[in-house]
2 protein chains.
Amino acid sequence: MEDSNTVLGKAMAILRAFGPADSVLPLAELVRRTGLAKGTAHRVAGDLVHHRLLDRTDHGYRLSGGLFELGLRASAERTLLELAMPFLQDLYERTHETVHLGVREGHEVVYLAKIGGHRQARAPSRTGGRMPTHCTAIGKVLLAHAGEEEQAAVLTGPLERRTPHTVIAPGLLRRQLMKAVETGVAYEREESTPGLLCVAAPVLRPDGQTAVAAISVMGPVGRFRPEPHANAVRAAAAALGSTLARRHR
Amino acid sequence: MEDSNTVLGKAMAILRAFGPADSVLPLAELVRRTGLAKGTAHRVAGDLVHHRLLDRTDHGYRLSGGLFELGLRASAERTLLELAMPFLQDLYERTHETVHLGVREGHEVVYLAKIGGHRQARAPSRTGGRMPTHCTAIGKVLLAHAGEEEQAAVLTGPLERRTPHTVIAPGLLRRQLMKAVETGVAYEREESTPGLLCVAAPVLRPDGQTAVAAISVMGPVGRFRPEPHANAVRAAAAALGSTLARRHR
DNA sequence: TGGTGGCGTTCCACTCAGCGGTACGCTCTT
DNA sequence: AAGAGCGTACCGCTGAGTGGAACGCCACCA
């Protein structure tokens, strides 16, 4: 069922036509990606510009700062982010490696924050970006604290092999998840991107079972070993967890 | 001219009905704020939920994570933010006070980043939030490097008196702006919020005149003095400026 | 130099998506 | 039990939205 016979559908189609990598798209490209009629795309895009969701440049259209602002009003992620920031800062300062804050959405991780210095490893993750759960430390640790069925859904589904090290055997992956629950941290060793290692710990709800989010520290093979940072990550996540709990009543 | 006889206009009205402070709004409240017919608001809000721009909760609607993600694809602010992060980190680490990155939009500042630790002063600024230019350090320094007419437009317009210390005399303000150009930094002393002091420096384009953004360090009256941090802020802003310049060819 | 293809823009008559008034059912409070 | 406030559902009218067609404008190439 196509939902692009409503104006809103068309507008969304245009906005979503912008991939994570695209900065500016010409009208013709939007037409190609959305399948809209040229006239229609022209008008809708014009309306979006009028409403400050798109910017018009010489070379085409671009997601605007208005959208940026609007997105940052999203309450759930925003309050989590604001409360988490000080803990992420501490963690960064202690490790001087790239620090992530992420939440799970289905079989993917959405990154709410990524902070790093000048020497940070070149990672594909970006604030607001997504990665599969099964090949990232944050993903694994969140999966480990997810409901039975949700976990099973991912384990039985097809698992993308992103690198030669990606764990795609359901049995091994499940064992890693169980170990993550036991130890309170999950690891990733070049499973999403060659040359990158990562430790993550869950930010648990007061029930101590389910996870709201997860925090990780990531670094490059060579100078970086994840194990020594396990405690720091665990501590940061736990501290954030109790801050959230305290606040929630 | 009301632009809410287009569907998109109505949708935007609903999205913009969410103020910076609102987390969840019931349908009735949306109706009140937007002036839409109840039936219409109900349907449009439903469509927005369907398109993942709103979340439905027991108590009403909420800006969704989908919007958060979409907003972070806005290319201009995103790349600026990513490039700036390491410099902001360094600055935070050196000062351990709240660090801001902001751009100017008309007579207001939009904050792209705010990083701080556990002891950060309670400030009204938020990532993605806005403040007037004339009573913030970032605002002043950006105004100082803006075009003549734009600067004049703000100076001649009415200036909100946010605190007893807010500078609303156009003459004094203009002198502060000139000094900011000379010295490369602008100060704010409890002009936007009682108890807060701030230093800001501009991130200049290669032309050395106009500013892309500005960086600031803020702290509370008492333990914090802005002057000693002027050099650090200036250095961070300059370093980011040359990084941008290098990248732009 | 003239042809060609891709692009953004404009126009316009048709039509169905969207409209909003009305009515209903639920849950609180009084 | 009556009322107020809320979310939801219905439905006939209509103009906002549609998309095909046509236009003018480069940039590229033969």
Side-chain angles (χ1 to χ4, degrees), chain A residues 1-19 21-64 66-67 70 73-76, chain B residues 1-19 21-64 66-67 70 74-76 249:
Chain A
M1 184 211 303
E2 278 303 326
D3 53 7
S4 49
N5 28 353
T6 116
V7 207
L8 231 97
K10 292 171 211 280
M12 287 309 297
I14 288 183
L15 293 181
R16 295 207 202 279
F18 289 83
D22 308 304
S23 61
V24 34
L25 297 178
L27 181 60
E29 184 58 26
L30 289 177
V31 168
R32 238 170 276 128
R33 297 196 186 188
T34 58
L36 297 176
K38 212 199 316 187
T40 306
H42 180 58
R43 184 174 38 79
V44 176
D47 291 353
L48 287 171
V49 169
H50 177 250
H51 287 289
R52 317 232 24 247
L53 296 188
L54 289 184
D55 279 341
R56 186 117 240 289
T57 74
D58 291 342
H59 306 287
Y61 298 90
R62 195 176 55 178
L63 296 179
S64 87
L67 197 58
L70 203 53
R73 297 227 173 130
S75 53
Chain B
M1 183 210 304
E2 277 302 327
D3 53 7
S4 50
N5 28 353
T6 116
V7 206
L8 231 97
K10 293 169 210 280
M12 286 309 296
I14 289 183
L15 292 181
R16 297 208 201 278
F18 289 83
D22 308 304
S23 61
V24 34
L25 297 179
L27 181 60
E29 184 59 25
L30 289 178
V31 169
R32 238 169 277 128
R33 298 194 185 189
T34 59
L36 297 176
K38 211 200 315 190
T40 306
H42 180 58
R43 185 174 36 81
V44 176
D47 290 354
L48 287 172
V49 169
H50 176 250
H51 287 290
R52 317 232 21 250
L53 295 189
L54 289 183
D55 279 342
R56 184 116 244 280
T57 75
D58 292 342
H59 306 287
Y61 299 89
R62 195 176 56 176
L63 296 179
S64 86
L67 197 58
L70 204 52
S75 52
R249 95 193 60 144

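Sequence lines set the chain letters: A, B, ... in the order given, protein chains first and strands last, and positions in each chain run from 1.
Between A:L25 atom CG and C:dG6 atom P the separation is 19 Å, expressed in whole Å. Taking atom CZ of residue A:R33 and atom C1' of nucleotide C:dC7, one finds them 17 Å apart after rounding to whole Å. One interatomic measurement links the two molecules: CG of A:L36 to P of D:dG19, which rounds to 8 Å at whole-angstrom precision. Put simply, CG on A:N5 is 12 Å from C1' on C:dG18, counting in whole angstrom units. In this structure, CD of B:E29 is placed 15 Å from C1' of D:dG7, rounded to the nearest angstrom. In this structure, B:L27 atom CG and D:dG5 atom C1' are separated by 12 Å, rounded to whole Å. In this structure, CG of A:D58 is placed 11 Å from P of C:dT9, rounded to the nearest angstrom.
The two residues A:L25 and A:A17 come nearest to each other via the heavy atoms CD1-O, 3.8 Å. When every heavy atom of B:A41 is checked against every heavy atom of B:V31, the shortest pair comes out as CB-CG2, 3.8 Å.
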Scan nucleotides 24-30 of chain C against the protein and return all N/O pairs shorter than 3.5 Å with their distances rounded to 0.1 Å.
none

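Distances were taken from every side-chain heavy atom of A:Y61 (C-beta onward) to each of C:dT9, D:dC6, D:dT18; the shortest belongs to C:dT9. For B:R56, taking side-chain heavy atoms from C-beta onward, the closest of the listed nucleotides C:dG8, D:dT8, C:dG18 is D:dT8.
Checked against side chain to side chain donor-acceptor pair (under 3.5 Å), A:R16 has no partners two or more places apart in sequence or in another chain.
Nearest-nucleotide assignment on DNA chain C puts the 5′-proximal partner with A:G60, out of A:L8 and A:G60.
Within the 4.5 Å cutoff, side-chain heavy atoms of A:L67 are placed close to those of B:L70. Under the 4.5 Å side-chain criterion, counting only non-hydrogen atoms from C-beta, B:F18 is in contact with B:L30. The closest side-chain heavy-atom distance from A:T40 to A:K10 is below 4.5 Å. Considering only heavy atoms from C-beta on, B:L63 stays 4.5 Å or farther from B:D55 through its side chain.
The rotation axes computed at either terminus of the helix from C:dT1-D:dA30 to C:dT30-D:dA1 lie 30° apart, taking five pairs at each end and rounding to 10 degrees.
Near DNA chain C, meaning a heavy atom under 4.0 Å away, the residues from residues 40-52 of chain B are B:T40, B:R43.
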Compile the donor-acceptor pairs under 3.5 Å between side chains in residues 42-53 of chain B and protein atoms, sequence neighbours left out, one pair per line.
| unit_1 | atom_1 | unit_2 | atom_2 | d |
| --- | --- | --- | --- | --- |
| B:R52 | NH2 | A:E105 | OE2 | 3.1 |

Q) For A:I14 and A:L54, what are the C-alpha separation, side-chain angles and deciding distance, and is it a side-chain contact (heavy atoms from CB on, under 4.5 Å)? A) CA-CA 10 Å; A:I14 288 183; A:L54 289 184; 4.1 Å; yes

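Screening residues 23-33 of chain B for side chain to side chain donor-acceptor pair (under 3.5 Å), with sequence neighbours left out, gives B:D22-B:R33, B:E29-B:R32, B:E29-B:R33.
Here the straight-line distance linking atom CG of A:L27 with atom OH of A:Y61 works out to 5.0 Å at 0.5 Å rounding.
OP1 or OP2 of D:dG19 sits under 4.0 Å from a side-chain N or O of A:K10.
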